[in-house]
Amino acid sequence: MNEVFNGRLAILGLGYIGLPTAAALATRGVEVVGVDVNEATVKAVANGEVPFVEPDLSAAVSGAVAMGRLTATTETPEADAFIIAVPTPFQDDHQVDLCYIRAATEQIAPQLRGGETVILESTSPPGTTESVSRWLAEMRPDLTFPHSSEGVPDVYVAHCPERVLPGRIMIEMVTNDRVVGGITPRCAEKAASIYRVFVQGDIVLSDAASAEMAKLVENAYRDVNIAFANELSLISEHLELDVWEVIRLANHHPRVNVLTPGPGVGGHCIAVDPWFIVGAAPEESRLIRTARDVNDGKPHHVAEQVVAKCERFVEPTVACLGLAYKANVDDLRESPAIDIVAAIAEAQPGLDIRVAEPLTHVLPQQLAAHPNVRLEPACDAIAAADIVVLLVDHDHFKSLSRSRLAGKVVYDTRGLWR
Ligand code: SAJ
């Protein structure tokens, strides 16, 4: 009979992954304490509110708080299990920065009594889960940990990477298969007992390093495939072909499924995770590195094209539609749209740039610094514009009447209006 967790669980990091996971467990009866260093986030969650946009999450969080199953605090409490769901950014040289994971283990260490399970959910290079076990062992020499202990350790340590798609998190968290990699098989089994509370997909057990690498491979695979589509868009432009038509035709082949070109790859996952593979095996990761370069080059290309179109006018006004990293989310992290608007503003300091982003109320800092960039509703931005640049395929833009675009130069980087 498979074990199902029934204890008190602390989740460190109440962001895009930690908070939905907390809500998924708490609404199914687990006592969950959400921990975050950001007091505003803790206050919001304690009030049953969600500090970002994600379908169905608000109802789950407010329900869990009202049931008394989800609480929030800045201090890590004692618990039977800990999930670390903090960011893993990279530094300027693309090397991973593990400072948030290290800080989380420092908070967990004093709370350990023996018998707990510690799970790393943050996307990390191979070997990080073992580092967590080593760090905990250094901080708690009175306890045994699985990377060094021969028998049953006092504390179990495992990696369980998240693989949910922003915009569909509450569905995919439950329905996706889940990979659970333990430092030992028993560690994997202990961690699996927690995910059995809410996962309806298969729970696939493995070792920690393979699970870490599998997560990176998933996102690198998508990055390489998007790079192929983005390269096709450059080739098609050069050959004066319509890339959307070329892809539509090619995808009629039963074994071809080219993805969608765009203004670049953003977000905190696909634009970041492949670098962890490149960092771990630089000589061997030529294709993965090149895909990153192709995708990172796309925003520069789009900005150059817009600047070239401006030269047709005396004092043009440009409307840039969308700032989020992809459709129907309010997440601006690593967004190519922001880089594009900033690059246009830098290249043409006097240009009148109107930005429309229906899911944001303020301009991000990078753009607020430019006096000629202003945020306004899409209809107003389009009405004032000579050139309309579609950067994000939000449903809101799809629903706009095409007649608004009449007589304007339109640069649709997503193929939304074709
Ligand atoms: N994009 C394109 N063309 C496409 C698909 C995406 O240009 O055909 C762009 C998007 O506009 C966006 C970026 O790529 O800028 C990434 O978007 P996405 O929807 O592909 O992925 P994410 O970053 O929102 O979520 C990914 C997912 N990974 C995979 O699909 C392999 C998700 O399942 C992961 O859980 C998530 O990364 C994560 O947290 O790692």
Side-chain angles (χ1 to χ4, degrees), residues 13 15-21 52-55 85-90 96 121-125 159-179 201 211-234 243-244 247-248 250-251 256-277 288 291-292 294-299 301-302 321-340 390-394 397 412-416:
Y16 291 86
I17 298 305
L19 186 54
T21 307
F52 50 90
V53 173
E54 179 61 38
V86 296
T88 39
F90 58 53
V96 66
E121 273 212 21
S122 311
T123 305
S124 314
H159 182 56
C160 181
E162 58 80 15
R163 26 167 52 169
V164 288
L165 193 70
R168 284 177 48 83
I169 290 179
M170 296 311 282
I171 298 166
E172 292 205 357
M173 186 159 274
V174 173
T175 57
N176 286 359
D177 292 348
R178 197 84 199 212
V179 172
E212 288 163 334
M213 188 63 180
K215 164 69 195 193
L216 302 179
V217 165
E218 289 162 19
N219 280 352
Y221 171 85
R222 191 152 169 86
D223 196 44
V224 168
N225 280 282
I226 299 170
F228 182 73
N230 277 335
E231 187 162 292
L232 286 184
S233 73
L234 300 179
V243 68
W244 314 102
I247 292 174
R248 184 180 79 82
N251 282 350
V256 173
N257 184 17
V258 180
L259 294 183
T260 316
V265 168
H268 198 66
C269 310
I270 293 188
V272 176
D273 300 353
W275 287 117
F276 297 166
I277 299 180
I288 293 171
R292 279 282 69 243
V294 169
N295 287 334
D296 277 352
K298 198 69 201 291
H301 176 80
V302 171
L321 304 189
L323 287 180
Y325 85 91
K326 69 172 187 176
N328 305 323
V329 300
D330 67 342
D331 191 345
L332 303 183
R333 290 178 298 173
E334 318 285 333
S335 175
I338 295 178
D339 290 342
I340 290 166
L390 190 284
L391 295 172
V392 185
D393 44 341
H394 286 315
F397 300 141
D412 177 359
T413 68
R414 299 274 184 179
L416 186 74

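Nothing fancy with the numbering, it's 1 onward along the sequence. Counting starts at 1 for both ligands and their atoms, in listed order.
Looking at Val392 and Lys326, their side chains never come closer than 4.5 Å, going by heavy atoms from C-beta outward. At a threshold of 4.5 Å between non-hydrogen side-chain atoms, the residues Arg222 and Leu259 count as touching. For the pair Asp223 and Ile288, the minimum side-chain heavy-atom distance is 4.5 Å or more. In this structure, Val329 and Val53 have side chains that are not in contact, with every pair of non-hydrogen atoms separated by 4.5 Å or more. Using a 4.5 Å cut-off on side-chain heavy atoms (C-beta onward), Tyr325 and Pro166 make contact.
On a distance-only criterion, Val164 and ligand 1 share at least one N/O pair closer than 3.5 Å. The shortest N or O to N or O distance between Thr123 and ligand 1 is not under 3.5 Å. For ligand 1, the polar-atom distance check against Gly266 finds a nitrogen or oxygen pair separated by under 3.5 Å.
Between the choices Glu162, Lys326, Glu334, Glu121, the shortest heavy-atom distance to atom 10 (C) of ligand 1 belongs to Lys326. Closest to atom 30 (O) of ligand 1 by heavy atom, among Arg222, Glu218, Arg163, is Arg222.
Closest protein heavy atom to atom 28 (N) of ligand 1: Asn219 OD1, 2.8 Å. Here the heavy atom of the protein found nearest to atom 12 (C) of ligand 1 is Tyr325 O, 3.4 Å. For atom 3 (N) of ligand 1, the closest non-hydrogen atom on the protein side is Thr260 O, 2.6 Å. Atom 11 (O) of ligand 1 has its closest protein heavy atom at Arg414 NH1, 2.7 Å. Of all protein heavy atoms, the one closest to atom 14 (O) of ligand 1 is Ile226 CD1, 3.5 Å.
Ligand 1 has at least one atom lying under 4.0 Å from a heavy atom of Ile270. Within the 4.0 Å heavy-atom shell around ligand 1 one does not find His268. Under the 4.0 angstrom criterion for non-hydrogen atoms, Cys269 is in contact with ligand 1.
Contact atoms of ligand 1 toward Lys215: 34 (C), 35 (O), 38 (C), 39 (O), 40 (O) (distance under 4.0 Å to a heavy atom of the residue). Taking every non-hydrogen atom of Pro166 and a distance limit under 4.0 Å, the qualifying atoms of ligand 1 come out as 24 (O), 25 (O).
Under the 4.0 Å criterion applied to side-chain N and carboxylate O atoms, Glu172 and Arg163 are not assigned as salt-bridge partners. Looking at Glu162 and Arg178, no side-chain N of the basic residue comes within less than 4.0 Å of a carboxylate O on the acidic one, giving no salt bridge.
Of the heavy atoms in Glu172, none comes closer than 4.0 Å to ligand 1. Of all the heavy atoms of Met173, none lies under 4.0 Å from any atom of ligand 1, so neither backbone nor side chain is involved.
For Pro274 against Cys269, the heavy-atom pair with the smallest separation is CD-O, 4.0 Å. The two residues Pro336 and Pro263 come nearest to each other via the heavy atoms CB-O, 3.7 Å.
Atom CD in Glu54 sits 11.0 Å away from atom CG in Asn328 (nearest 0.5 Å).
Between the side chain of Asn225 and the backbone N or O of Tyr221 there is at least one donor-acceptor pair closer than 3.5 Å.
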